[in-house]
Amino acid sequence: MQYNFKEIESRWQQYWADNHTFHSEFPSDKPKFYALTMFPYPSGAGLHVGHPLGYIACDIYARFKRHQGYNVLQPMGYDSFGLPAEQYAIQTGQHPAITTEANIARYREQLDALGFSYDWSREVRTSNPRYYRWTQWVFMQLFDSWYDREAGKARPIEELVDRFESGGNAAVDAVCDADTPDFSASDWQGFDQADQQRMLLKYRLTYLAEAEVNWCPELGTVLANDEVVNGVSERGGFPVVRKKMTQWMMRITAYAQRLLDGLDEIDWPQPLKDAQTNWIGRSVGASVIFKTVPNAHQAESFDIEVFTTRPDTIFGASFMTLAPEHELVARITTPGQQEEVRAYIEATSRRSERDRMADVKTVSGAFTGAYAAHPLTGEPVPVWIGDYVLAGYGTGAVMSVPCGDQRDYDFAKHFGLPIPNIFEGVSIEEAAYEEKDGVVIAQSDFISGLGREAATRKVIDALEEKGLGKGTINYRLRDAVFSRQRYWGEPFPVYYDADGLPRLLPEHCLPLELPEVEKYLPTETGEPPLGNATRWAWDTEREAVVENTRIDRKTVFPLELNTMPGWAGSSQYFNRYMDPGNDQALVSEEAIGYWEDVDLYIGGSEHATGHLLYSRFWQKFMYDRGWVPKEEYAQKLINQGMILGTSALMYRKSGTQTYLSKGLAEQENVDAIRVDVGLVNASDELDLAGLKEWQPQYADAEFVGEDGKFYVARDVEKMSKSKYNVVNPDDICEEYGADALRMYEMFLGPLEQSKPWNTAGLSGVYGFLKKFWRLFHQGPDRTFEVLDDTPAAADLKTLHKTIKKVTEDIEAFSFNTSVSTFMICVNELTASNCRSRAVLEPLVVLIEPYAPHMAEELWHQLGHGESVAREAYPVYEEKYLVESSKEYPISFNGKMRFTMELPLDMSKEDIEKAVLANEKTRQQLAGRTPKKVIVVPGKIVNIVG
RNA sequence: GCAGGCGUGGUGGAAUUGGUAGACACGCUAGAUUUAGGAUCUAGUGCCGCAAGGUGUGUGAGUUCGAGUCUCUCCGCCUGCACCA
């Protein structure tokens, strides 16, 4: 029987499905193992060979753990809300649910062809109402919670109400909006219902706020910071502008410190941890209050709060700079400066985020005419505005210390402001002195002569005493915008009451399903697409969605028109897999009590500051409220690298229809044009007939080849349809089989690394699989033949060596080297013509994670009735590996000269004696006595002469 | 600018963590077989050299009996953040 992968693979895929081979047990007495890969967004393009890389690695590990006796949970699902399906709906009118359904069917087909051991009975889809009711449920719990700083955790909002009743908000140390006023218990009791709700909104973990957001006009929606890359949208690359809008926000900043601390507990890649640390951006310093000096135009004094990481340089502060958007600017600007300030603010607001970032060199600003009192000296310092100060960071205002900060220095130079030097023995003629360590402060009253740390402490003490500042920790992390002006997302379970305040729907009314709409675009009045729905109002008496026309704000109220962002659905999906059918809870206590958390999570590093941060935040919240037992949901995470495409480029003589083979293009003026990689063979030779068929425009073009052949150039870049470099896994499965594809993807290189795809290399692993098959099938007809004889010692050694190495490699996620180990093993067994069942049978189990179809086939040919997936993993025995002697490399002064066979159980001293007595050694030494002999048992002998 | 990472044959990549560098595979060369092959098998393949031998892990130094591996310098590349006070 020849190795017929097509027949084998489809047969066993069917068998696994029919026998539910990979269903996870629950309840179970076995130890659990939860292996997870980030679920895909089902795009219209289907999978390319890059996508399954992480899935294959995860599947290998899951199968390995299953052999080791673990009850493995390896689920798969779809992150099926998202922009592309909606953009497609806008263009074609096709409901996104239909597009999504079709895409999922295609994904499923492709995934099934690769032989993954998923428990498909646990599939989740974020766009399925039975799933997203739990996304809505988490949102409601966040709405009904506040963050207690004292306890360091989230608590139910009723507890906060109780505290306000008895002691106002002075008694509470809670995370809240910056503009929250102080109120007493009697103030609280005096508030009417609406005011109380308004106040609570300042404390809720999800809240409405007028926020400066990233607005993308092209997409018609706001974007989160992590969805904006270099000032343009991550999806589509459209320009993004700043805009003030009322939006749902997530108070993730309450968790900033815990999100940092948690990183120490988990085994995640360092670069990813660094990215999160950076994004959270903790900096220790002080907040300082500068009071504006009243003048003829402004009798009132305002507090300008600034944040600084260098309180020690406070005596060098010679002016202040506010962000142009700072709220005090309008109030403190003097009439004389009004025109200049107004013009400047207008000029900055006209600039897009991108322009502002691109041009960091130009110094610009304007004087407000106001002065503020230096908190320690009382001296008046001028208050300026400048766009180098960002409204979104710290307080949006800085104390400018030109001698210690280059930006302040440049600003001062440009506008001729004073630059006092407060550093001992340092020149600031050319630039600011930004070195932090080893500075000695001078000209600074009571801190002169001190170093940075001592000075910082004293300054903070002095500020606190005066009530003009305190030591604080500032985070770069902002609260996350949670509203999207889109159709294809989770609706908020929220309506607006007679006072226009947000109210939650009763929990038993979930899910609040997406309404049908005629158009998926924003309405003519600029409302989000849900505004197009005619049935989108909430009747509080009937507890049902009703026609908009009935909105009377007595019993029928408007529903929220925004939808949730993409990351909402992916922030708890890993817990939902544990109990996907549950309609009473996101996950039952029993299920999460058993499965607890993800043992292995594999996914791309592009989610570092998006999904992987938000999901940690939600998990911590769930933990605080007692719904999940673990504060971190993924103990180990691996970032798989990207598989890149190898684009094929042909050269066209500029301005002509003449195309040149690669070697002829050097001297010419040419344009590079991408062609389909499928038309190019392993030697970079282009199939011209195929090309003309692919794009008829080339039919009449002239092609100049080299020796009758036309060669293309290669370029490694991201795999994408538009670059014609996409390789489809279906085609590879067709030609080489799923097992070959699985092994090759692993063989390509280290899992974490990005690497280019090269179909030509597949012949290596394909040949290996055929050789493996031939170990079990003899003769020209390949008849199955395995003997029950006593295996040769050398073959047993090969087997146990392979078990040891492959096991170690899997545990270290070095899948590429384990494939090499298999290849060496097969080469050795082929050379010795091994036919012994005792050697071959364990190998079938060993290779099952990598080539499950072939393993299953061989396992059954070996006479077993059960699936090989259930078989115990082979354990290597040391006794087969021990050697009695070894070739020692003998080196002189570190330079290898010859080898010498020596017994392994020889003592250091005996080895030394034996080596020195050796004829070759004496020749090398030529009569001299060696200074020293270094012997590492089993390894090496070095003679120093 | 800040943070992190990387640099090994023509190519993808190994190297028991300080102990014979280049495993394994692609590609290439030669040969065998076949009507033919992008099939199969055998041998070779870091570089220089006919050979003996020399040389070799981006550069230069250092530690060590011994360095791809550890330390420092410089060069180059990649990733994330970036006017973050």
Side-chain angles (χ1 to χ4, degrees), chain A residues 225-226 229-230 269-279 281-283 285 306-310 313 317 320-321 323 356-357 359-363 386-390 392-401 404-408 410-411 434 474-477 605-606 608-609 639 641 681-683 714 735 744 747-750 752-765 767-768 770-771 804-805 808 814 816-825 827 887-899 930-936 938-945:
Chain A
N225 286 343
D226 66 278
V229 180
N230 291 327
Q270 197 54 44
L272 196 152
K273 287 186 178 184
D274 291 339
Q276 291 206 348
T277 305
N278 221 319
W279 188 261
R282 181 184 199 263
S283 50
V306 303
F307 174 76
T308 176
T309 53
R310 297 290 304 275
T313 64
M320 299 187 71
T321 314
R356 217 163 135 172
M357 284 197 307
D359 161 41
V360 295
K361 294 266 153 58
T362 318
V363 178
D387 70 357
Y388 79 96
V389 177
L390 305 172
Y393 182 74
T395 60
V398 298
M399 63 173 208
S400 300
V401 184
D405 183 292
Q406 193 56 43
R407 295 155 306 174
D408 294 342
D410 294 340
F411 196 85
E434 293 187 307
N474 195 46
Y475 298 92
R476 198 184 73 99
L477 186 70
S605 59
E606 68 271 22
T609 53
N639 288 130
N681 72 7
S683 328
R714 295 291 201 161
E735 201 169 342
Y744 185 54
F747 183 68
L748 220 45
E752 296 91 334
Q753 206 169 293
S754 289
K755 54 240 161 195
W757 177 264
N758 171 20
T759 305
L762 249 162
S763 62
V765 285
F768 157 77
K770 282 197 280 191
K771 279 191 212 164
K804 183 171 191 238
K805 184 69 170 39
E808 285 168 359
S814 304
N816 57 330
T817 52
S818 56
V819 176
S820 296
T821 308
F822 279 122
M823 288 177 174
I824 295 166
C825 172
N827 288 342
E887 288 277 321
Y888 274 76
I890 312 295
S891 56
F892 289 81
N893 294 322
K895 189 150 282 197
M896 221 277 277
R897 292 295 159 173
F898 60 93
T899 60
K931 267 195 208 147
K932 202 167 151 192
V933 180
I934 289 111
V935 179
V936 182
K939 281 187 180 168
I940 196 160
V941 177
N942 189 21
I943 299 162
V944 188

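Letters A, B, ... are given to chains in the order of the sequence lines, protein chains preceding strands, and every chain is numbered from 1.
Counting only Watson-Crick and G-U wobble pairs whose two key distances fall under 3.5 Å, RNA chain B forms stems of three or more stacked pairs at B:1-7 with B:75-81, B:10-12 with B:24-26, B:27-32 with B:40-45, B:46-48 with B:53-55, B:60-62 with B:70-72.
In this structure, A:Thr321 and A:Ser400 approach most closely via the heavy-atom pair OG1-OG, 2.9 Å. Taking all atoms of both residues into account, the shortest heavy-atom contact from A:Gln406 to A:Glu434 is N-OE2, 2.9 Å.
Note: A:Phe898 and A:Phe892 have tilted aromatic rings, judged against thresholds of 30 and 60 degrees for the angle between ring planes.
Put simply, CE on A:Met320 is 16 Å from P on B:A85, counting in whole angstrom units. One atom, NZ of A:Lys804, and another, P of B:U16, lie 13 Å apart when rounded to the nearest Å. The interatomic distance linking A:Leu762 (CG) with B:G27 (P) rounds to 11 Å, in whole Å. One atom, CG of A:Leu390, and another, C1' of B:A85, lie 9 Å apart when rounded to the nearest Å. Distance, A:Glu752 CD to B:G5 P: 14 Å, rounded to whole Å. To the nearest angstrom, C1' of B:G80 lies 10 Å from CZ of A:Arg476. Counting to the nearest Å, the P atom of B:C26 and the CZ atom of A:Phe768 are 13 Å from each other.
On the C1' atoms, B:G38 is 35 Å away from B:C48, given to the nearest whole Å. With P as the reference atom, B:A21 and B:G66 are 15 Å apart, rounded to whole Å. Going from the C1' atom of B:G80 to that of B:G13 covers 26 Å, rounded to whole Å. For B:C84 and B:A14, the C1' atoms lie 43 Å apart once the distance is rounded to whole Å. Nucleotides B:C81 and B:U63, compared at atom P, are 42 Å apart to the nearest Å. On the P atoms, B:U16 is 13 Å away from B:G68, given to the nearest whole Å. The gap from the P atom of B:A67 to that of B:U55 amounts to 14 Å, rounded to the nearest Å. B:G62 and B:U69 are spaced 15 Å apart, taking the C1' atom of each and rounding to whole Å.
Side chains of A:Tyr393 and A:Ser283: a donor on one and an acceptor on the other come within 3.5 Å. A donor and an acceptor atom, one from each side chain of A:Lys932 and A:Asn942, are nowhere located under 3.5 Å apart. For the residue pair A:Tyr388 and A:Asp410, no side-chain donor N or O sits within less than 3.5 Å of a side-chain acceptor on the partner.
Contact check for A:Met896 versus A:Ile890: no side-chain heavy atoms found under the 4.5 Å cut-off. Counting only heavy atoms from C-beta outward, the side chains of A:Tyr744 and A:Asn758 approach each other to under 4.5 Å. A:Arg407 is not listed as a side-chain neighbour of A:Val389, based on a closest heavy-atom distance of 4.5 Å or more. Using a 4.5 Å heavy-atom cutoff, the side chains of A:Val765 and A:Met823 are in contact. At a threshold of 4.5 Å between non-hydrogen side-chain atoms, the residues A:Ile934 and A:Val944 count as touching.
Checked against A:Leu272 for a side chain to side chain contact (heavy atoms under 4.5 Å, CB included), the options A:Thr609, A:Asn639, A:Thr277 give a single hit: A:Asn639. When each of A:Ser818, A:Ser820, A:Ser814 is checked for a side chain to side chain contact (heavy atoms under 4.5 Å, CB included) with A:Asn816, only A:Ser814 meets the rule.
Of the residues near RNA chain B, A:Ser814 and A:Glu887, the one whose nearest nucleotide (by heavy atom distance) lies more toward the 5' end is A:Ser814. Mapping A:Val941 and A:Asn474 onto RNA chain B via the closest heavy atom, the residue that lands nearer the 5' end is A:Val941.
Looking at A:Lys939, its side chain never comes within 3.5 Å of a backbone N or O of A:Pro889 through a donor-acceptor pair.
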Protein and nucleotides 8-14 of chain B: nitrogen or oxygen contacts under 3.5 angstrom:
from, atom 1, to, atom 2, distance (Å)
B:G12, O2', A:Leu748, O, 2.6
B:G13, OP1, A:Gln753, NE2, 2.5
B:G13, O3', A:Asn816, ND2, 3.4
B:A14, OP1, A:Asn816, ND2, 3.1

Any N/O pairs under 3.5 Å between the protein and nucleotides 60-69 of chain B? List them or say none.
from, atom 1, to, atom 2, distance (Å)
B:C65, O2', A:Asn942, ND2, 3.1
B:C65, O2, A:Asn942, ND2, 2.4

Could you write out each protein N or O paired with an N or O of nucleotides 36-47 of chain B at a distance under 3.5 Å?
none

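Against the 90° criterion about 0, the sugar-base torsion of B:U59 places it in the anti range. Nucleotide B:G9 carries a syn base; the chi torsion (O4'-C1'-N9-C4 or O4'-C1'-N1-C2) is within 90° of 0.
Across B:A85, B:U20, B:C26, the shortest atom-to-atom separation from the side chain of A:Val389 is found for B:A85. Here the nucleotide nearest the side chain of A:Ser283, chosen from B:G19, B:A85, B:U20, is B:A85. Nearest nucleotide to the side chain of A:Lys895, out of B:G4, B:U55, B:A85: B:U55.
For A:Tyr888, there are no ring pair (Phe, Tyr, Trp, His ring centres under 6.0 Å) partners, not counting sequence neighbours. Contacts of A:Phe747 classified as ring pair (Phe, Tyr, Trp, His ring centres under 6.0 Å), with partners at least two apart in sequence or in another chain: none.
At the heavy-atom level, A:Asn827 lies under 4.0 Å from the strands shown only through sugar-phosphate atoms. Note on A:Met896: a base of the nucleic acid sits closer than 4.0 angstrom, heavy atoms only.
A:Arg407 has no side-chain polar atom (N or O) that falls below the 4.0 Å cut-off from OP1 or OP2 of B:G1.
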